[in-house]
Amino acid sequence: MMPPSDHPPMEPADRVARALLEELPNPPPGAELRVRHALRTSLATPRPGLRRWAFASGAVLAAALLLFVLRPLVSPGPAPLAQALRSGDEAWTSAVIVPSVSLSFSGNGNVFGTTSAPEIQWERGTVHVEVVPERGIDLSVSTREAEVRVVGTGFSVTRDALGTRIDVLHGKVAVTCLSGDSFVLEGGASRTCLPTSPGALLGRARALAKMGAPPAEVITTLERGIALAERGPQLDELRVRRIEALAEAGRRVDALAAARVYLENGSPLHRTDVLRIAASLSLSNRGCSAALAYLQALAGSPEATPEDHARLSSCSATP
Amino acid sequence: MNVSDTLTRAKDGDLGARDLLLKEWLPVVLRWCTALGGPRVDSEEAAHDVMMVLIRRMDTVYDRGRLPAWLFGVTRRTVARHRRRAWVRYWVPGAHADRPDPSGGPARLYEVSETSREVQLCLDSLPTLDREILILRLYEQRPDSEVAELLGVPIGTVKSRLHRARDRFIRQAATQGLVAGGELGS
């Protein structure tokens, strides 16, 4: 592509169209890794081409004869797999996808790959896997956050708003998180691969807050999302949630500073909420004189409540 | 490795050269599939199909210079096939067995803002040729000559098609409330 300086000047309408097109979503995080995975699986599965059929037809009789003679000695090659895994809400379902691999799961996913290299693409919920060791089974479980490879062990993979958690019951598994971490987990160990996109990190922060996790963990998650997000509604939401989390954590000075920066940046989203937080923090920190400007701005907002007006009246009356 | 050699060596079965080709072109193809496929197409599945064609039929690409146009041609045909399949799934109940949700589930919904979805729908409503020219010329900012080569049309056609596509896109965006009326026209 041409560098920007080599482009002819854009017409105004072109600029408008381009600004809109820049809002198009990018491929989801980890897409390349998953496509490469799928390509490896597809290439490992033999596919007869048209030309091969021509040669194969002449050899079929000879092959059949040979197989008949050698039948006791020949074992079939790996067969391709394609199976959906679906269980009802809160229900657990068992399945044996190949003789040496048994699953029990509550959630959704799909099985691809071959009978010797099954590949479970897990979307949500928990799947528990038991692989009989020393049967030459190369199994992988992949989610949007992680890839787990195993040869002979028992483990669970749970994917929810918090990310992908791997719990190993016995044996060893090799895990690669999309964030770049790679590690080997042994029996009794657990690790979580965190989401890698701003939206998913926002989801994780909300889930943590709902679970009552320490505010510091919620703040760390939000800050990770802020670092990744581009300008727009998602970044605004992450910043506002961070302001709330800082206030809840008792970090009032930090919360007020962040609120001030947010209001100065002029985003209309959540403006009333942030004004309310800034007014409350200023009132509790330094009283009416510090809060008055925020209360006045809040009272002028169409979303102001009677309580907001009452606080302004009260502060205005204060000498 | 010299880029011309990469294709030649990949055709000869050199897996390292094939990996280099995948590394160079998979991100581009994924971007094309995401932008051109629209919200109902699984862009990863489409990109997988495109790369499989590349791997299996790269011997029909006669020189390195033809590869981008060849690959774009495969992408547009693959995306068209996936869009038809998505249409069948939408209108014909039970036509296909359960498949992964191309929207990516709840986590993906968080990642795609409301504006992104609206723009995607706006683009999706346009004819295929309009979408292609907008993505290649305005979104990826390729020069007219490169776009002409990818689409297999003269440069003059690129310019005239771009104006029509752009105006249709902005008009549709205005009906969806994505742009103000004053931004219509040059």
Side-chain angles (χ1 to χ4, degrees), chain A residues 1-4 6-8 10-32 34-39 42-43 47 49 82 84-86 108-110 121 123-124 144-145 159-161 163 195 197-204 206 232-234 237, chain B residues 19 22-23 26-27 29-31 33-35 39 43-45 47-48 51-52 55-56 97-101 104-120 122-123 134-135 137-144 146 162-163 165-167 169-170 173 178-179 183-186:
Chain A
M1 287 192 274
M2 292 172 68
D6 292 342
H7 284 152
M10 287 180 104
E11 297 177 25
D14 285 346
R15 279 198 290 274
V16 170
R18 175 161 166 78
L20 285 169
L21 290 169
E22 280 177 342
E23 294 288 339
L24 284 172
N26 292 316
E32 279 182 51
R34 286 189 293 275
V35 173
R36 281 177 174 273
H37 237 0
L39 285 169
S42 296
L43 290 168
R47 181 188 79 116
L85 303 173
R86 301 279 185 270
N108 290 348
N110 292 282
Q121 293 181 3
E123 292 162 18
R124 67 168 184 85
R144 284 184 185 272
E145 290 84 29
R159 182 169 190 250
D160 55 23
S197 70
L201 284 163
L202 182 60
R204 175 179 160 86
R206 285 182 181 147
Q234 203 167 68
E237 171 116 23
Chain B
D19 268 353
L22 283 181
K23 195 173 171 183
L26 180 53
V29 167
L30 253 174
R31 204 170 55 236
C33 291
T34 305
S43 57
E44 293 175 28
E45 199 179 322
H48 163 273
M51 300 317 280
M52 283 300 291
I55 290 167
R56 290 194 160 135
D98 275 350
R99 301 175 68 85
D101 176 6
R108 181 68 173 148
L109 291 177
Y110 279 127
E111 297 163 16
V112 180
S113 71
E114 190 59 38
T115 306
S116 288
R117 270 196 289 276
E118 286 293 318
V119 173
Q120 214 178 11
C122 178
L123 189 67
L134 286 171
I135 293 300
R137 184 62 186 85
L138 288 186
Y139 183 52
E140 296 191 341
Q141 294 199 278
R142 296 174 185 270
D144 290 340
E146 195 176 326
L162 174 64
H163 282 123
R166 178 202 65 199
D167 290 346
F169 181 53
I170 294 176
L178 289 167
V179 291
E183 291 175 284
L184 290 173
S186 27

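Naming convention: chains lettered A, B, ... in sequence-line order (proteins, then strands); numbering from 1 in each chain. What you see is a predicted model; the values in this text were computed from it and never measured.
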[X] versus [Y], closest heavy-atom pair with distance:
| X | Y | answer |
| --- | --- | --- |
| A:E22 | B:Y139 | CA-CE1, 4.3 Å |
| B:T34 | A:P25 | CG2-O, 3.6 Å |
| B:S116 | A:L24 | OG-C, 4.5 Å |
| A:L21 | B:L134 | CD1-O, 3.7 Å |

Task: Which atoms of B:I55 approach chain A - backbone, side chain, both or neither, heavy atom under 4.5 Å - done: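 Contact with chain A: side chain only.
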Task: Under 4.5 Å from a heavy atom of chain A, the part of B:L123 involved - done: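 Contact with chain A involves the side chain of B:L123 alone.
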Close side-chain approach of [X] to [Y], heavy-atom, < 4.5 Å:
| X | Y | result |
| --- | --- | --- |
| A:E11 | B:H163 | yes |
| B:M52 | A:L39 | yes |
| A:D14 | B:L138 | yes |

Task: From B:E45 atom CD to A:R34 atom CZ, the distance as rounded to the nearest 0.5 Å - done: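 Between B:E45 CD and A:R34 CZ, I get 13.0 Å after rounding to 0.5 Å.
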Task: Between CZ on residue B:R117 and CD on residue A:E23, distance to nearest 0.5 Å - done: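 The distance works out to 12.5 Å.
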Open item on the list: Can you list everything that forms a salt bridge (Lys or Arg N to Asp or Glu O under 4.0 Å) with A:E32? Sequence neighbours excluded, please.
Closed with: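 Residues passing salt bridge (Lys or Arg N to Asp or Glu O under 4.0 Å) with A:E32: none at all.
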TODO: Mind checking salt bridge (Lys or Arg N to Asp or Glu O under 4.0 Å) for A:R36 and listing every partner two or more places apart, or none if nothing turns up?
DONE: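 A:R36 satisfies salt bridge (Lys or Arg N to Asp or Glu O under 4.0 Å) with no residue once adjacent residues are dropped.
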